[in-house]
Colleague: 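One structure coming up, written as structure tokens, with questions to follow.
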Amino acid sequence: MDGQKRLKYPAGIAVVIFGVLLLLLLLVIVPVCDGQVETASGSFIPMKCHWMSQAVLLFACLLILLGILLMASAGRETRLMLLIVTAACAVCVLLLVTALIGVCGSPTMRCNYATKPALQVFSVVLLVFSGASIINVARKKK
Amino acid sequence: MNHKKLTVFTLAFENIKRNRFRSVWLVILVAVFAFAIFCGTVLTGSLDNGIKTMAGRVGADLMVVAQGYEVDLEDTLLRSEPSTFYLDGEVLEGVRGIAGVEEASSQLFIASLDADCCTVPVQLIGYDPESDFTIKNWLVNVWDGALGQDDIVVGSLILAEPGDQLVFFNKVYNVVAKLDDTGMGFDSSIFMNRHAAQVMIADSGRLSADELKHRDDLTSAVMVKLSKDADAQEVAAAIQAEYPQTDAVVSSDFMRDIASRLTDISKLTIGITVLLWVVAVMVLFFVFSIVMDSRKKELGLLIALGATRKKLARIMLLESFVITLLGAICGIFAACLILFPFQTLIAGMLELPYLLPSAQVIFAYMMLSLGVTVAIGPISSLSFIRKLSKTDVYSLIKEND
């Protein structure tokens, strides 16, 4: 039992930290541009980096939830699945930033030179962490 | 039961695996130093590359600007901070008549308002293609056509590609070429025909001085090329004597001033890197020595069981090699995650010409940092191995008791 506890808490805590870090990145450390673009009708709407930020914020909340679930679960299969979902979250964040929504096009804009690389690096680190954790859990004997 | 053959490799890897805490901390320690060494080298190389590129692109021996605007010129060239400053257009003709001046060409700087390409104002530089001898020399690398009234060439950080159209002050301009990275203000600048820039100013109505607004000889800077035997300081003094309302900036002094500031930063970076390097060698040397020392009993028992000292030495070397290799790879990977995705942010924060070296040069830096870092472990282990070969088995087993 003690061995199981030792195994389950660090990964769960780390995933919660990743989630909180993602929140901090988007809200405090490297927020996206706060400007708006004017449409043909004359109204103002947020730029596309704003929508990317909203989507990624959801993944930050999801990561916190996954971390809590990882801390609460002891079963090997459950933990494995939760870690696979964590890895999938990392891939989704990476895709949201680069391909699915993306950031504003100009390299001189904050979302392009600060938020985008920060989220890319975050995703890569989270992916490496999840991969290592998956291998670690998969290698444990039933 | 699963039996493994006791080779040098299996023993070294098992030692690393079994002493996970010690191995992980050693890997982290090596990673930190590899990170610092690689980052320091790339930063120094990028600043060096930036200043070299800048020196090649200024191209004029003298730059004449309105009195007190030398700082604005530096901002425009170095930091892509858009500036709008003017001097009397007659200065151009006057400068051409001064002894020692071979060529002179005027440039017009305009800070744009918001444009489709950018959320911040950009620097528009109008130059005269007929008399220009600075911009066209390096513009020819990307485009060698004649710049029409509605044509513009954009810097690497401007969001537009050749064939696109951009609107400035309600007028549409065709993008005919895009420049390569320079690491300086030109990356956020847009080049256009001087006459078109003049028209832009007249149309914009941005100048408050009406008498200037309608003049067609407005100039922000006069670029001067000197004849071979001319002395830059003497010609600068002659220009300022003739036109006291101007500052004649000697490019070499201007560049030297920037270069000396860069050199100071480079020296600091190199100094910190060397210091880190020395600290890394010392710390790793002591850490490896302490770790090896604590294993005397284990090694003594292995010798007593029949292991040769040569084999033990190879195990020690392999262990330290694997640990430093892992650490160096992790450190350099972490450095890559910072240096390359954040290069625009780093350049902006430094406010200096920052241009990453070519991929080959970066690869060479990477190999150098990797090689040097990886060498520390085995080298640090050598003194213990020498000690091991001279100590008898009994002393080895008893020494730590």
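Scope of the values below: all heavy atoms of this structure, side chains included, with no hydrogens, waters or symmetry mates. In what follows, chains carry the letters A, B, and so on, assigned in the order in which the sequence lines appear, proteins first and then strands, with residues in each chain numbered from 1.
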Colleague: Between B:Phe342 and A:Val30, is any pair of side-chain heavy atoms under 4.5 Å apart?
Modeller: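 Not touching, per the 4.5 Å side-chain cut-off.
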Colleague: Less than 4.5 Å to any heavy atom of chain A: does that hold for the side chain of B:Phe340, its backbone, both, or neither?
Modeller: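 For B:Phe340, there is no contact with chain A at all, as no heavy atom is under 4.5 Å.
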Colleague: What are the two closest heavy atoms between B:Pro341 and A:Pro117, and how far apart are they?
Modeller: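 In this case the closest contact between B:Pro341 and A:Pro117 is O-CB, 3.3 Å.
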Colleague: Among residues two or more places apart or on two chains, list those pairs meeting ring pair (Phe, Tyr, Trp, His ring centres under 6.0 Å) that have a residue in residues 81-140 of chain A.
Modeller: A:Phe18-A:Phe122, A:Phe18-A:Phe129
Colleague: Please identify each residue that fulfils side chain to side chain donor-acceptor pair (under 3.5 Å) with B:Gln107, with sequence neighbours left out.
Modeller: B:Thr134
Colleague: Supply the atom-to-atom distance B:Leu337 CG to A:Gln120 CD, rounded to the nearest 0.5 angstrom.
Modeller: 10.0 Å
